[in-house]
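Shown next, in structure tokens, is the structure this report addresses.
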Amino acid sequence: MEPLPTLPEASAMPTLLSRFALAGAEDEVSPARHKVVDCVRAWGVALSDEVADTIRLVVSELISNAVIHGAGPVTVVLHHRPGRLVIVVSDRDQQAPVASCAAEGDESGRGLALVAHFAVRSGWEPLAHGKRVWAEIELPKPAPAIRAAVLRRFFAARPRHGAGPALQALARTAA
């Protein structure tokens, strides 16, 4: 598995970010997967049923692994840029995630294989007090008109007082 991807174009393109914490209980998995899809849609990403199902599956597997095999609270962080979503799940256990080889009748043991299949890239990295497991999902890129509408809402929500002339002109252009 590879380290969490760096986003070299970060200075040229804004990243949308969302973070939430879970206590680490199994009954939190289902609401969390729906919360992630709702968050991505709130960012203005038009998700097909297939892409939404892929996101739900990957989120379910990452959070389930953290709850079942990890320790302590679980943190979920979403990074979005046009065309991709990186889902990061952290827990307090420092043990590396291990892909198992499930037999035909086994009810579990396929999670990391599913994540690897549906994600463009995935990996994990140790933290000082736990680990971070992540998966990158390919998303549809917004049409220019949709992207412009999202940017208009973004700039309209930001306070304009005290902003320099360049930012005010950019906000007027986006509107």
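What you see is a predicted model; the values in this text were computed from it and never measured.
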Roughly how far, to the nearest 0.5 Å, is the NE2 atom of His34 from the CG atom of Asp38? 8.5 Å
In terms of heavy-atom contacts, does NE2 of His129 have more than 12 from other residues, nucleotides or ligands at under 6.0 Å? no
Report the distance from atom OG1 of Thr75 to atom CG of Asp91, rounding to the nearest 0.5 Å. 9.0 Å
On a heavy-atom basis, which atom in Ala66 and which in Val74 lie closest, and how many Å separate them? CB-CG2, 3.9 Å
If you apply the rule side-chain hydrogen bond (donor to acceptor under 3.5 Å, both in side chains), what do you find for Ser60 with Arg33, and how did you get there? CA-CA 6 Å; Ser60 290; Arg33 72 175 162 241; 2.8 Å; yes
Between Lys131 (side chain only) and Gln94 (backbone N and O only), is there a donor and an acceptor less than 3.5 Å apart? no
side-chain contact (heavy atoms from CB on, under 4.5 Å) between Ile137 and Arg84: does it pass, once the steps are laid out? CA-CA 6 Å; Ile137 306 296; Arg84 75 173 136 181; over 6 Å; no
Nearest-0.5 Å distance that lies between atom CH2 in Trp43 and atom CG in Leu139: 9.5 Å
One pair to check against side-chain contact (heavy atoms from CB on, under 4.5 Å): Val88 and Val133. What are the steps and the verdict? CA-CA 6 Å; Val88 182; Val133 182; over 6 Å; no
Does the side chain of Val36 come within less than 4.5 Å of Phe20's, by heavy atoms? yes
Of all the heavy-atom pairs spanning Val115 and Ala135, show the shortest one and how long it is. CG1-CB, 3.8 Å
Least distance between heavy atoms, Ala46 atom then Pro140 atom: O-CG, 3.3 Å
Quick one: does Arg19's side chain get under 4.5 Å of Val76's, heavy atoms only? no
Salt-bridged, Asp53 to Arg56, with N to O below 4.0 Å? yes
Which heavy atom in Trp134 sits nearest to a heavy atom in Trp124, and how many Å separate them? NE1-N, 3.7 Å
Quick one: does Glu28's side chain have a donor or acceptor within less than 3.5 Å of a partner on Ala23's backbone? yes
Please report the interatomic distance CG(Leu17) to SG(Cys39), rounded to the nearest 0.5 Å. 9.0 Å
Which atom pair, heavy atoms only, marks the closest approach of Ser64 to Val29? OG-CG1, 3.6 Å
Could you tell me which non-hydrogen atom of His69 sits nearest to which non-hydrogen atom of Asp93, and how far apart they are? O-OD2, 3.0 Å
What distance separates Ile55 CD1 from Leu47 CG, expressed to the nearest 0.5 Å? 5.0 Å
Let me confirm one number: the CG-NZ distance from Leu78 to Lys35, rounded to the nearest 0.5 Å. 9.5 Å
Report yes if the side chains of Ser122 and Glu136 come closer than 4.5 Å at any heavy-atom pair, otherwise no. no
